[in-house]
Structures are given as C-alpha cells and as structure tokens.
Amino acid sequence: MGSSSSKAMPLPSIRRLPMYLRFLKQLNNRGRQVVSCTYIARELSVVSTQVRKDFAITGIVGKPKVGYDVPALVSAIEKFLGWNGSRDAFVVGVGGLGSALMGYEGFTEYGLNIVAGFDIDPAKVGQPMHGKMVHPLERLPEMVSHTKVLIGIITVPAKAAQEVARLMVGSGIRAIWNYAPVALEVPDSVVVENMNLSASLAVLSSRLEEVLGRHHRQRD
C-alpha cells in the first residue's frame with residue numbers, strides 16, 4: 001500500500017516551501033536581490049535554522065554573511081516542487097468541490113493545469129464546466145493514454161473513491177490528490193496526497209474553542 005513515494009523526504013519542510021515561495025516572490029517583485037534566513041524567519045515567525053534546513057532540500061546554498069540570491073532561490077524552490085513547468089490533471093467527480101477546483105485559476109501559479117473532468121451523472125457529462133469538458137468516467141483510461149496526464153484529483157464520495165483510484169492507477173495515473181475522506185490502497189509506485197478537510201476543520205474548531213475559553217476566563 002502506498003501513500004507517498006516521498007517517505008524519505010522531510011514532508012514538514014516541503015509543506016513550508018510554498019509559504020517561503022510566496023514571500024520570496026513578493027521580495028523579488030520589489031526588486032530585492034539578496035535575503036538572509038534571519039530576515040525570512042523574522043518576517044514569517046519561524047526559526048532561522050529551520051529556514052536554512054528547509055532550503056537545503058532544494059540543493060541551493062547561501063553565501064555566508066550574505067544570504068541567498070532571491071531570484072535563484074525562487075527558481076530553486078519552484079524546480080524542486082515541480083512548479084517551474086506545467087502538469088496537466090484530470091478531476092473525477094464534478095460536484096460542488098470538483099467544479100470549484102476546475103474553476104480555480106490560482107492552480108496555474110503552481111504548475112497545475114486541470115484540463116478536464118469526469119463524472120457518471122448524465123446531466124453533467126458532455127457539458128463544459130469553467131471552459132473544460134466533462135467526460136463520462138469510462139473514458140478515463142482512453143483519455144489518460146491519449147494525453148499522458150499523470151495527475152488525478154478525486155472529489156467523489158468516500159464509497160466510490162477506492163474504485164476511482166483503481167481506475168486511475170490502471171489507466172496510468174501516477175499521482176492522486178485525494179479529497180475523499182477515505183484511505184486509498186494503491187501501489188507504492190503511485191503517490192497519494194490526502195486532503196483531510198475534516199481534520200483541518202477539527203483543528204480550526206478546537207483552536208476557536210480555546211480562544212473563546214481564554215476570552216471568557218479573562219472576562220471573569
């Protein structure tokens with residue numbers, strides 16, 4: 001069973017790279033040429049030694065007492081994340097969430113281009129959605145073979161997710177972005193990233209309760 005082929009990679013560091021990248025692009029747009037880990041750490045409220053370790057996984061090396069060349073650092077992070085080019089993706093399940101993802105233009109900034117959707121609902125099949133066609137699910141193998149798309153996004157109900165994952169893997173999809181609240185069983189050669197919306201909401205809700213509780217105690 002495979003959940004990620006990046007088991008040896010420091011996933012917390014990888015998850016922080018987009019935060020650094022956004023900040024560095026802002027600096028780059030302002031014409032700043034050099035930046036230090038200390039400056040980045042102070043602005044983003046992180047530890048400077050952690051910033052240095054996070055950058056190290058991209059292969060770039062800063063200059064002692066000088067820092068990093070900002071354009072070079074932006075390029076190194078984008079290359080490491082695979083965001084310096086463009087990768088096409090298919091969405092399976094074009095309900096509310098799937099439709100929203102198909103219409104989200106911000107993905108292009110990160111090198112992701114959703115080119116089509118797939119569904120089993122006859123009312124949706126054959127219809128354009130945000131300028132992209134929705135195809136019947138049974139055409140997925142043919143479309144993957146024809147386009148060589150490697151990324152599949154699952155936005156179907158939990159009970160259908162595993163079967164969709166099997167179809168994707170059998171069609172040649174090598175990476176799955178899973179929004180369904182279920183653990184998928186896939187070969188180790190397939191990368192899976194789970195978007196656990198309920199877990200994220202649980203963290204948000206518990207932190208809200210903590211803040212409200214602290215506020216009430218202060219009032220008392």
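Remember, predicted model here, so these are calculated numbers, not experimental data.
Considering only heavy atoms from C-beta on, K65 stays 4.5 Å or farther from S36 through its side chain. Side-chain contact between V211 and R207: absent, with no pair of heavy atoms (C-beta onward) separated by less than 4.5 Å. Here the side chains of N28 and L24 are not in contact, with every heavy-atom distance at 4.5 Å or above. Taking the side chain as every heavy atom from C-beta outward, V192 and N194 approach each other to under 4.5 Å. With contacts defined as side-chain heavy-atom distances shorter than 4.5 Å, the pair M133/H135 qualifies. Within the 4.5 Å cutoff, no side-chain heavy atoms of Q33 are placed close to those of V70.
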- Might you work through the side-chain contact (heavy atoms from CB on, under 4.5 Å) test for S198 and N196, ending with a clear yes or no? CA-CA 6 Å; S198 61; N196 195 327; 2.8 Å; yes
- Determine, stepwise, if the pair V169 / I176 fulfils side-chain contact (heavy atoms from CB on, under 4.5 Å). CA-CA 9 Å; V169 172; I176 297 175; 4.3 Å; yes
- Any chance you could lay out the side-chain contact (heavy atoms from CB on, under 4.5 Å) test for V115 and F90, step after step, and finish with the verdict? CA-CA 6 Å; V115 294; F90 288 147; 3.3 Å; yes
- Message: Pair L184, V190 - check side-chain contact (heavy atoms from CB on, under 4.5 Å), show working.
- Response: CA-CA 11 Å; L184 301 176; V190 176; over 6 Å; no
- Going through the distances and angles, do R22 and E109 end up as a salt bridge (charged side-chain N to carboxylate O under 4.0 Å, His left out)? CA-CA 10 Å; R22 285 192 298 270; E109 181 181 350; over 6 Å; no
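Hydrophobic clustering, with ILVMFWY side chains joined whenever heavy atoms are under 4.5 angstrom apart, keeps V125 apart from L97. Hydrophobic clustering places V74 together with Y110 (ILVMFWY residues linked when any side-chain heavy atoms are closer than 4.5 Å, directly or through intermediates). In the hydrophobic cluster analysis, where Ile, Leu, Val, Met, Phe, Trp and Tyr join through side-chain heavy atoms closer than 4.5 angstrom, V91 is grouped apart from V191. When the side chains of ILVMFWY residues are joined at heavy-atom separations under 4.5 Å, either directly or via intervening members, V149 and I154 end up in a single hydrophobic cluster. The hydrophobic cluster containing L81 does not contain L112, counting ILVMFWY residues as joined when their side-chain heavy atoms lie under 4.5 angstrom apart, directly or transitively.
Within a 6.0 Å sphere centred on CZ of R174, other residues, nucleotides and ligands contribute 12 heavy atoms or fewer. Within 6.0 Å of the CG atom in L197, the count of heavy atoms belonging to other residues, nucleotides or ligands exceeds 12.
Going from atom OG of S75 over to atom CZ of F80 covers 13.5 Å, rounded to the nearest 0.5 Å. Taking OG of S206 as the start and CG of L201 as the end, the distance is 9.5 Å to the nearest 0.5 Å. Between L73 atom CG and T58 atom OG1 the span is 6.5 Å, to the nearest 0.5 Å. Distance NZ/K148 to CG/L150: 9.5 Å, rounded to 0.5 Å. Within the model, atoms CG of D54 and CZ of R16 stand 4.0 Å from one another, a figure rounded to the nearest 0.5 Å. The distance from the SG atom of C37 to the CG atom of L44 is 11.0 Å, given to the nearest 0.5 Å.
No side-chain donor-acceptor contact under 3.5 Å links D119 to the backbone of K124. Remark: side-chain polar atoms of N178 are paired, donor with acceptor, to backbone N or O of V182 under 3.5 angstrom. The backbone N or O of K25 lies less than 3.5 Å from a partner atom in the side chain of N29, making a donor-acceptor pair. Panel note: side chain T155, backbone V92; a donor-acceptor pair is recorded below 3.5 Å. Remark: the backbone N or O of M102 is paired with a side-chain donor or acceptor of K132 at under 3.5 angstrom. Here the side chain of Q162 pairs a donor or acceptor atom with the backbone of E185 at under 3.5 angstrom. Proximity of a side-chain donor or acceptor of H130 to a complementary backbone N or O of Y104 within less than 3.5 Å is not detected. Using modelled atom types, one side-chain atom of S171 and one backbone atom of L167 make a donor-acceptor pair closer than 3.5 Å. With hydrogens and angles disregarded, no donor-acceptor distance shorter than 3.5 Å links the side chain of S145 to the backbone of E142.
Partners of W177 under the ring-ring contact (aromatic ring centres under 6.0 Å, His included) rule, at least two apart in sequence or in another chain, are F107, Y179. Not counting sequence neighbours, E105 has no partner by the salt bridge (Lys or Arg N to Asp or Glu O under 4.0 Å) test.
Residues V156 and A180 share a closest heavy-atom pair of O-CB, 3.5 Å. Considering every non-hydrogen atom in both I173 and G152, the closest pair reads CG2-N, 3.6 Å. For the residue pair I57 and P10, the shortest heavy atom distance occurs at CG2-CG, 3.7 Å. Pairing each heavy atom of P18 with each of R15, the nearest pair is CD-O, 3.4 Å. Listed here is the closest heavy atom pair of E138 and P141: O-CD, 3.5 Å.
Using cut-offs of 30° and 60° for the angle between ring planes, the F55 and Y68 rings count as perpendicular.
Judged by the 6.0 Å and 45° rule, R32 forms a cation-pi pair with Y39.
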